[in-house]
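Inspection log for the structure reproduced underneath, given as structure tokens.
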Amino acid sequence: GEQAYLLIKQGIIRLEYPPASLLNEGELIEALGIGRTPIREALQRLALENLVVILPRRGTMVADLNLSDLQKISEVRLELETFAARLAATRACPEHLVRLEELLAIKADIAKSEDHHQLIELDQGFHKLIAEAAGNEFLAGELRGLYDHVIRLWYHGLHKVIQPLGVSLNDHARIAAAIKTGDGDRAGKVMRAHITRFQVEFLAVL
């Protein structure tokens, strides 16, 4: 069940299963080599995460993407991620700080080649690490669910974005620097501006 869940979710996030498309159980069973019961359990989990919609007597549809989704996700991210950055500035342990620096170094190298897919994964890793450093497992859990939708939006607009994803590296470096010095207000302010920029850019291409 866990394997089915992860594989189908990955396919949805990377748009291998397009938004608003119907998922055929038989095709999933054949493609993934997993039985019907685990597939159905996986789809139920994904429905709870708003990645699919189960339609009575019609089957399961991949959740659509639209401007309303972007607005709603951004509203929640603005508050929760700003809060997480502020908490991380006072609660991050030395291990978190080292891992932040490592992620920034890796992202700087990849940004030169503009490998968008790896940059997307690293971007997600950076935000998840800050949520972890905030030291609140309930907050981190809420943000993990949001990130799946954020990454899906990245893939949806990837070919339309004019600026390379590497431009976010500067924001990430400033957030990490504020966390390292314990400046929660600064970390929160930069994080808020970073998420707002994400929203504005994608409103222009969706």
Side-chain angles (χ1 to χ4, degrees), residues 3 5-21 46 49-52 62-78 80-82 84-85 88 96 99-134 139-176 179 187 190-206:
Q3 183 183 10
Y5 164 76
L6 293 173
L7 289 172
I8 297 172
K9 181 165 81 168
Q10 177 177 279
I12 292 172
I13 290 172
R14 295 185 177 182
L15 306 187
E16 294 164 11
Y17 304 126
S21 65
L46 292 166
E49 296 175 9
N50 297 314
L51 287 171
V52 304
V62 177
D64 201 1
L65 284 175
N66 53 55
L67 293 179
S68 176
D69 292 334
L70 175 59
Q71 180 65 34
K72 292 172 184 177
I73 291 168
S74 295
E75 286 175 353
V76 180
R77 285 191 74 199
L78 272 175
L80 294 188
E81 292 219 59
T82 297
H96 291 133
R99 288 164 62 193
L100 281 175
E101 292 299 325
E102 290 174 347
L103 275 175
L104 288 174
I106 295 170
K107 189 172 182 181
D109 287 338
I110 294 176
K112 297 173 185 176
S113 65
E114 296 190 13
D115 185 333
H116 288 176
H117 297 288
Q118 286 196 49
L119 283 170
I120 285 174
E121 298 299 325
L122 288 170
D123 186 272
Q124 184 183 37
F126 181 85
H127 285 274
K128 281 186 174 181
L129 182 54
I130 289 177
E132 178 186 322
L139 175 60
E142 291 295 328
L143 285 172
R144 277 195 298 272
L146 275 179
Y147 293 147
D148 291 334
H149 294 278
V150 172
I151 298 303
R152 193 165 171 244
L153 284 166
W154 270 123
Y155 275 103
H156 182 65
L158 188 63
H159 64 290
K160 303 176 185 177
V161 177
I162 296 174
Q163 292 182 316
L165 295 178
V167 298
S168 67
L169 180 62
N170 183 51
D171 284 348
H172 285 183
R174 291 164 61 208
I175 293 167
I179 290 174
V190 179
M191 179 65 82
R192 180 173 287 271
H194 175 63
I195 295 168
T196 300
R197 190 176 299 113
F198 173 93
Q199 180 183 11
V200 170
E201 184 170 349
F202 271 79
L203 278 173
V205 301
L206 281 181

When rounded to the nearest 0.5 angstrom, what distance separates [atom1] in [X] from [atom2] in [Y]?
X	Y	atom1	atom2	result
L129	L122	CG	CG	11.5 Å
Q199	L153	CD	CG	10.5 Å
I13	L6	CD1	CG	9.5 Å
L103	E101	CG	CD	10.0 Å
I151	I12	CD1	CD1	15.0 Å
I8	L46	CD1	CG	6.0 Å

Would a 4.5 Å heavy-atom cut-off, applied to side chains only, mark [X] and [Y] as touching?
X	Y	result
L143	H127	no
D123	W154	yes
H149	L51	yes
E132	R99	yes

Non-hydrogen atoms of [X] and [Y] that approach each other most closely:
X	Y	result
D64	P19	OD1-CB, 3.7 Å
I179	A187	CG1-CB, 4.0 Å
A176	L104	CB-CD1, 3.7 Å
A131	A140	O-CB, 4.0 Å

Point to revise | Residue pairs, two or more places apart or on separate chains, that pass salt bridge (Lys or Arg N to Asp or Glu O under 4.0 Å) and touch residues 8-21 | key: K9-D148, R14-E121
Practice item. Could you tell me which residues satisfy side chain to side chain donor-acceptor pair (under 3.5 Å) with E49, sequence neighbours excluded, listed by chain and number? Key: Y5
Review point. For Y147, which residues count as a side chain to side chain donor-acceptor pair (under 3.5 Å) partner, sequence neighbours excluded?
Key: E81
Point to revise | Derivation of the side chain to side chain contact (heavy atoms under 4.5 Å, CB included) call for R152 and L15 | key: CA-CA 7 Å; R152 193 165 171 244; L15 306 187; 3.9 Å; yes
Check your understanding: How far apart are the C-alpha atoms of N170 and R174, what are their side-chain angles, what is the distance that settles it, and do they pass the side chain to side chain contact (heavy atoms under 4.5 Å, CB included) test?
Key -> CA-CA 6 Å; N170 183 51; R174 291 164 61 208; 3.8 Å; yes
Practice item. Check the pair E142 / V76 against side chain to side chain contact (heavy atoms under 4.5 Å, CB included), numbers first and verdict last. Key: CA-CA 10 Å; E142 291 295 328; V76 180; over 6 Å; no
Exercise for review: If the plane angle is over 60° it's perpendicular, under 30° parallel, otherwise tilted; pick one for H172 and H194.
Suggested key: perpendicular
Check your understanding: Does a sphere of radius 6.0 Å around CD in Q3 hold more than 12 heavy atoms from other residues, nucleotides or ligands, not counting ones at 6.0 Å or beyond?
Key -> no
Exercise for review: Give the C-alpha distance, both sets of side-chain angles, the deciding distance and a yes or no for side chain to side chain contact (heavy atoms under 4.5 Å, CB included) between I130 and L100.
Suggested key: CA-CA 8 Å; I130 289 177; L100 281 175; 4.2 Å; yes
